[in-house]
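Below is one structure; the comments refer to it alone.
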Amino acid sequence: MTARELTALLPLIGIAATSIVLMAAVAVRRNRTWSLTITLAGLAASFGLLFAARTVGPVQVTPLLLIDGPALFFIALLIAAAVVVVVLAADYLARRGTQIEELLLLLLFATLGGGVLAASTHLASLFLGLEVLSVSLYAMVGYLRNDGLSLEAGVKYLVLAAVSSAFLLFGMALIFAETGRLELAALAGLAVPAGGLHGLTLAGVALLMVGVGFKLALAPFHMWTADVYQGAPAPVTAFVATVSKAAVVAVLLRMLAVTGEPGRQLVLLLALLAGASILVGNLLALRQDNLKRLLAYSSVAHLGYLMIAVVAGGPLGAEAAAFYLAGYLPTTLIAFGVIAVLSPADRDLDRLSDLRGLGRERPLLAGLLTVALVSLAGIPLTAGFVGKLLVVRAGLGAGQWALALILVLGSVLSIFYYLRPIVAMYMQPAEDGAAALPPAPMAAGAVLVALLAVVLWLGVWPQPVLEIVRETVGRL
Amino acid sequence: MTVLFYLAGAVALLAAGLAVSRRNAFHALLYVVVSLLAAAVVFLTLGAPFAAVLEIIVYAGAIIVLFVFVVMMLNLGPEAAPRQHGLLSPATWIGPGVLAAVLLAELVVVITTAGGDAVAGDAVGPREVSHALFGPYVLAVELASFLLLAGLVGAAYLGSGSRTTGGEG
């Protein structure tokens with residue numbers, strides 16, 4: 001391996017080394033502050049190393065990984081989201097009286113897996129990256145061992161994710177049987193004169209999409225979402241909703257970029273998934289009385305919106321998808337972050353009735369949650385609006401009129417359920433017997449305010465980030 | 001010879017199906033072992049003797065023995081002795097035994113056929129496998145070790161006794 005290849009790999013090596021150092025430190029002595037310092041410093045250093053990797057340009061490191069603009073962009077998103085989750089989890093787990101060291105380790109592993117996914121150009125690295133991510137998530141979702149809901153969610157995620165991995169593997173086997181290759185580039189030669197794909201490969205790609213659809217919780221593979229989102233500790237839910245989704249979207253974009261124009265059946269399949277996700281997600285979210293479940297179904301719908309950009313394809317579609325994620329990640333982190341910050345020691349504060357009177361008692365946190373929900377609904381001046389605009393533009397550019405219409409319909413529906421928590425916070429008085437809320441921690445509060453600034457900045461002045469996206473992801 | 005491949009494949013499928021449909025966990029495990037052995041023979045007929053041996057050592061050897069021990073330990077109790085006696089009755093072992101005998105016959109055919117004619121393609125031995133693993137796939141090996149590490153940390157945490165670091169016990 002040359003120095004150039006190693007330089008390109010530095011961000012991933014940084015994350016991996018951080019996990020090893022942390023493990024050694026924990027083995028010597030358990031200390032919360034030290035563990036948190038090592039994790040945050042390691043993640044920050046890995047983020048810095050992204051710029052070093054950028055200087056060596058696109059590098060294919062062995063057939064497995066391609067460290068190029070898109071990969072670095074998505075790894076940057078993943079690391080930033082991981083840092084936020086660490087800060088949220090530190091305070092949340094302290095209140096719960098649970099040790100944090102293992103969660104930090106698993107989070108580092110999961111981030112590494114996500115980074116590998118974002119850079120993978122080979123079915124082997126795709127599968128390994130996805131498994132590193134998922135296996136870490138099993139334990140993270142069930143991290144509160146004394147909490148039945150958390151354990152149940154962990155087991156559910158374990159079983160369903162294992163089944164979806166089996167689909168993924170079977171799909172890869174079929175593709176290998178037909179083409180004899182495992183590089184993603186093998187999918188590029190699939191076009192036969194009629195414009196279709198070979199039978200076995202088509203089946204293989206369809207099975208791959210089942211696996212991907214499960215990880216992204218696209219309808220009809222969304223069944224696990226609500227239970228896992230509800231049961232997982234709030235910071236872990238934030239991680240599942242952001243890092244694991246963004247990493248899989250990154251690899252999906254890469255897969256479609258190499259498949260190119262001819263993968264028309266694939267596009268049709270994804271378009272169906274997108275439409276179904278938007279409708280199912282928004283309709284199911286209407287009747288939820290639990291904020292985490294509501295956000296879970298809303299994430300189904302949002303991944304549906306995102307799939308429109310993925311379906312549209314081309315540089316425009318990839319840019320729209322990347323920008324959408326750049327806006328969706330901070331917004332989602334704020335929403336789950338507020339839940340994490342407000343949760344008392346015995347359960348997550350996630351019922352809509354818990355939010356009553358929050359506007360008066362905690363104006364800052366209520367304001368944060370309001371902006372997050374408004375951005376998810378896609379109201380102007382927020383990141384969500386610009387993201388949806390770009391998605392619609394990409395969709396219409398690719399002639400996906402039906403999907404664009406479904407997006408508008410879904411957005412209208414979604415305003416209803418995004419308003420319900422806001423109404424509860426500002427227009428309904430607090431219940432008499434409501435327990436006192438825990439004091440808001442400084443670090444988590446500061447991070448949430450910073451995320452708020454990002455969401456508003458992306459909504460008001462998206463140009464600089466669009467430039468970055470165009471320079472990196474546009475070259476996919 | 002293609003027929004060997006399909007025969008081993010059929011045994012693998014049949015054993016897997018029987019493993020799923022058995023009500024007794026121990027009987028099911030016996031069929032799982034047979035299914036893994038059949039997969040190993042499939043590898044052998046495809047010209048991958050090294051993969052076949054690994055399959056037997058790792059899966060049929062280590063992992064299934066672990067399963068069997070766990071199942072037997074969970075069944076401990078006053079009623080365990082007569083049940084363990086029942087494990088020796090023909091009804092328990094005749095099915096897996098017949099399937100395993102088929103596989104053994106295939107193995108004998110493969111080994112005794114002159115010049116490796118029973119094997120499709122070139123044989124891929126340890127040398128080729130290690131060249132691949134430490135050449136283009138070296139990162140995959142590293143990633144696999146992180147995968148195992150993640151599983152280990154997760155299992156150690158969820159299984160460890162120390163419930164909390166303080167607060168509620």
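Just so we're on the same page: letters track the sequence lines, and every chain starts at 1.
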- Item | Contact origin within A:Met140 toward chain B - heavy atom pairs under 4.5 Å | neither
- Message: Which atoms of A:Ser19 are under 4.5 Å from chain B, going by heavy atoms: the side chain, the backbone, both sets, or neither?
- Response: side chain
- Query: Given a strict heavy-atom distance threshold of 4.5 Å, which part of A:Leu112 is in contact with chain B: side chain, backbone, both, or neither?
  - Reply: side chain
- Query: Got A:Val132 and B:Leu149 here, is their nearest side-chain heavy-atom distance under 4.5 Å?
  - Reply: no
- Least distance between heavy atoms, B:Tyr157 atom then A:Arg145 atom: O-NH1, 2.5 Å
- Item | Within-4.5 Å side-chain heavy-atom neighbours: B:Val153 and A:Met23 | yes
- Item | B:Val138 and A:Leu64: CA distance, side-chain angles, deciding distance, side chain to side chain contact (heavy atoms under 4.5 Å, CB included) verdict | CA-CA 9 Å; B:Val138 63; A:Leu64 297 184; over 6 Å; no
- Task: Using side chain to side chain donor-acceptor pair (under 3.5 Å) as the criterion, list what pairs up with A:Tyr157, not counting sequence neighbours.
- Result: none
- Message: At a 4.5 Å cut-off on heavy atoms, which part of A:Tyr143 comes close to chain B: side chain, backbone, both, or neither?
- Response: both
- Query: Taking the six-membered ring for Trp, are B:Tyr137 and A:His122 parallel (under 30°), tilted (30 to 60°) or perpendicular (over 60°)?
  - Reply: perpendicular
- Interface moiety of A:Leu103 toward chain B, non-hydrogen atoms closer than 4.5 Å: neither
- Report yes if some heavy atom in the side chain of B:Leu158 is under 4.5 Å from a heavy atom in the side chain of A:Glu102; otherwise report no. no
- Measure distances from A:Ala16 to the heavy atoms of chain B and classify the residue's part below 4.5 Å as side chain, backbone, both or neither. both
- Between A:Ser136 and B:Ala150 the two heavy atoms that sit nearest each other are OG-CB, 3.6 Å
- Item | Segment of A:Ile20 engaging chain B (4.5 angstrom heavy-atom cut-off) | side chain
- Message: So, taking the atom named CD in B:Glu142 and the one named CG in A:Leu128, what distance separates them when rounded to the nearest 0.5 Å?
- Response: 11.5 Å
- Query: When rounded to the nearest 0.5 angstrom, what is the spacing between CZ in A:Phe127 and CG in B:Leu143?
  - Reply: 12.0 Å
- Task: Measure the CG-OG distance between B:Leu139 and A:Ser125 for me, rounded to the nearest 0.5 Å.
- Result: 8.5 Å
- Residue A:Leu65 versus chain B: region with a heavy atom under 4.5 Å: side chain
- Message: For A:Trp34, I'd like to know if atom CH2 has over 12 heavy atoms of other residues, nucleotides or ligands within 6.0 Å.
- Response: no
- Crowded around B:Tyr59 OH? As in, over 12 foreign heavy atoms under 6.0 Å? no
